[in-house]
Amino acid sequence: MADKASDFVFDIWYFAGLSNDVARGQLVRREIAGEPITLGRNEDGTVFAMRDVCPHRAAPLSSGCLKSGTVECPYHGWRFGIEDGACQEIPALCEGQNMDTQKIKVRIFPTQENGALIWVYIAADKRFAGHPKISPPAFPFATGRAVIDDNLTLNCHVGHAVIGLMDPAHDPYVHRQWWWRSEHSIHEKSKAFEPRERGFAMASHSPSSNSFAYKLLGGKPITEIAFQLPGIRTEEIKVGDKTVLSFTAVTPIDATHTQIRQIFFSDHLAFKMLKPIIASGARKFLRQDADMVDLQQMGLRHDPTLMLIEDADTQAKWYHQLKREWAKSRAEGREFKNPVKAKILRWRS
Ligand code: FES
Ligand SMILES: [Fe+2]
């Protein structure tokens, strides 16, 4: 099962935060797939990411500061260029103490800011310093200010977090509440799925009649739920010409911690006005999942064999297949071939 430290997706773009997480001249710390990262924004507005460990004596560079295109370490003031990570200055050196500081380098991670989303590329090869062959995913609606922005750390490996997120059968149990699901609302569902870039989608459909929460939006909402590697789930709800985009990034911190960040973008007036209610509902959902994760860990400590059944767990199986094919295609230097085939899945929830 997905609980080994090495079991992360590499050679891919990870969501690292929203544009307004990092102001000009600011450094913030991240840890993604076991990599400590300083995410920063230069005075000219460019975002960059470098390894958050000083090559001198390991101080976190994110606790230092930005100085004219370099990051200055808080411990002894060594300065590293934000473009190539090369050391440009060692203040303790005296005249005549010649040392080629440029040979000392901090790992730089390719970074892209698209609309309101910042992406960092994490290569399997720690010496990777080139340009990634693939682009980060595009979400044209994710621009401007998010209406809701929430996050939580789950005490589990990312594999369990992702599978928990795409698992339809836990809804009436973990998320049992009058405005969402009850034991009595369980009925058979049949949904068409299709392959998508690096993942799959539940094709556009009208939400289940037992989803009271959707009724708040009025009109006739159409929703499309998509998942793609490494752990990005989006739900785009259209009501007339208005949109609600729910963007969820499930990001490994290390082998036993996973960051889940849920962000909503919308131009729907009712959605904006209902923000406090929707935000607290979404928060409750995340908490319920986190509590379940903690319970599940009690069992996982005993290293049991786990089961995935058809069709309720088919999406989880696809996730494993996608991960395997991603790693294989990267290792063989070839195009990724999506293993998911269009299929109608049936389950009761
Ligand atoms: S630890 Fe960074 S300069 Fe010494
Ligand atoms: Fe859940």
Side-chain angles (χ1 to χ4, degrees), residues 1-5 7-9 14-15 32-33 148 150-177 180-183 185-186 189 191 193 198-202 207-208 211 213 223 225-235 246-264 281-324 326 340 345 347-349:
M1 272 314 287
D3 52 6
K4 289 191 302 278
D7 201 18
F8 297 137
V9 182
Y14 275 93
F15 174 69
I32 301 176
I148 297 168
D150 198 3
N151 70 84
L152 201 70
T153 299
L154 301 178
N155 301 313
C156 66
H157 185 276
V158 65
H160 291 299
V162 167
I163 288 176
L165 189 79
M166 59 178 49
D167 159 20
H170 78 291
D171 264 42
Y173 295 92
V174 175
H175 304 300
R176 186 179 296 177
Q177 43 227 342
W180 187 249
R181 296 281 194 279
S182 77
E183 224 176 332
S185 71
I186 296 182
K189 311 267 171 65
K191 308 272 186 198
F193 284 79
R198 300 173 212 166
F200 54 86
M202 185 195 289
S208 306
S211 303
T223 175
I225 300 172
F227 171 82
Q228 64 172 280
L229 291 178
I232 306 293
R233 178 199 192 262
T234 51
E235 177 163 5
S246 153
F247 172 94
T248 308
V250 185
T251 311
I253 298 172
D254 56 29
T256 51
H257 297 93
T258 299
Q259 165 88 18
I260 174 157
R261 187 148 175 194
Q262 189 165 41
I263 303 161
F264 290 84
R283 178 95 197 137
K284 188 159 181 190
F285 256 69
L286 277 187
R287 288 249 150 257
Q288 290 167 334
D289 285 324
D291 290 346
M292 196 63 233
V293 158
D294 288 341
L295 284 176
Q296 188 190 24
Q297 288 302 316
M298 293 170 66
L300 288 175
R301 272 207 301 276
H302 305 283
D303 203 20
T305 306
L306 307 181
M307 292 193 275
L308 294 173
I309 64 161
E310 303 288 352
D311 291 349
D313 297 329
T314 300
Q315 295 177 73
K317 291 187 178 187
W318 285 343
Y319 169 63
H320 286 308
Q321 291 166 11
L322 285 161
K323 272 181 66 176
R324 272 199 299 273
W326 185 261
V340 177
L345 300 183
W347 68 83
R348 285 170 49 81
S349 72

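Atom set for the values below is all heavy atoms of this structure, side chains included, hydrogens, waters and symmetry mates excluded. All of these numbers come straight from a predicted model, not from anything done at the bench.
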Verdict with reasoning, Q259 to N151, per side-chain contact (heavy atoms from CB on, under 4.5 Å): CA-CA 7 Å; Q259 165 88 18; N151 70 84; 3.2 Å; yes
N/O donor-acceptor pair under 3.5 Å between S349 side chain and A169 backbone: no
Check: C156 main-chain N/O paired with T258 side-chain donor or acceptor under 3.5 Å: yes
Side-chain heavy atoms of I260 within contact of L286, under 4.5 Å: yes
Side chain to side chain contact (heavy atoms under 4.5 Å, CB included) partner of F227, the single match among I232, T234, V162: V162
Test side-chain contact (heavy atoms from CB on, under 4.5 Å) applied to I148 and Q262, step by step: CA-CA 8 Å; I148 297 168; Q262 189 165 41; over 6 Å; no
Donor-acceptor contact present, side-chain H302 to main-chain P304, <3.5 Å: no
Distance-only donor-acceptor check, side chains E235 and T223, under 3.5 Å: yes
Q296 CD to R301 CZ distance, which is reported to the nearest 0.5 Å: 12.0 Å
Test log, rule side-chain contact (heavy atoms from CB on, under 4.5 Å), inputs K284 and Q177: CA-CA 10 Å; K284 188 159 181 190; Q177 43 227 342; 3.4 Å; yes
Candidate list R287, R283, R261, test salt bridge (charged side-chain N to carboxylate O under 4.0 Å, His left out), partner D150, passing option: R283
W347 and F193 aromatic ring geometry - parallel, tilted or perpendicular at 30°/60° bounds: tilted
Side chain to side chain contact (heavy atoms under 4.5 Å, CB included) partners for N155, two or more places apart: H257, D294
Side-chain (Y319) to main-chain (Q228) donor-acceptor, under 3.5 angstrom: no
Heavy-atom check, side chain of T251 versus side chain of V158, under 4.5 Å: no
Any donor-acceptor pair under 3.5 Å from R176 side chain to P172 backbone: yes
Verdict with reasoning, F200 to T314, per side-chain contact (heavy atoms from CB on, under 4.5 Å): CA-CA 11 Å; F200 54 86; T314 300; over 6 Å; no
Check: K323 side chain, P230 main-chain N or O, donor-acceptor pair, under 3.5 Å: no
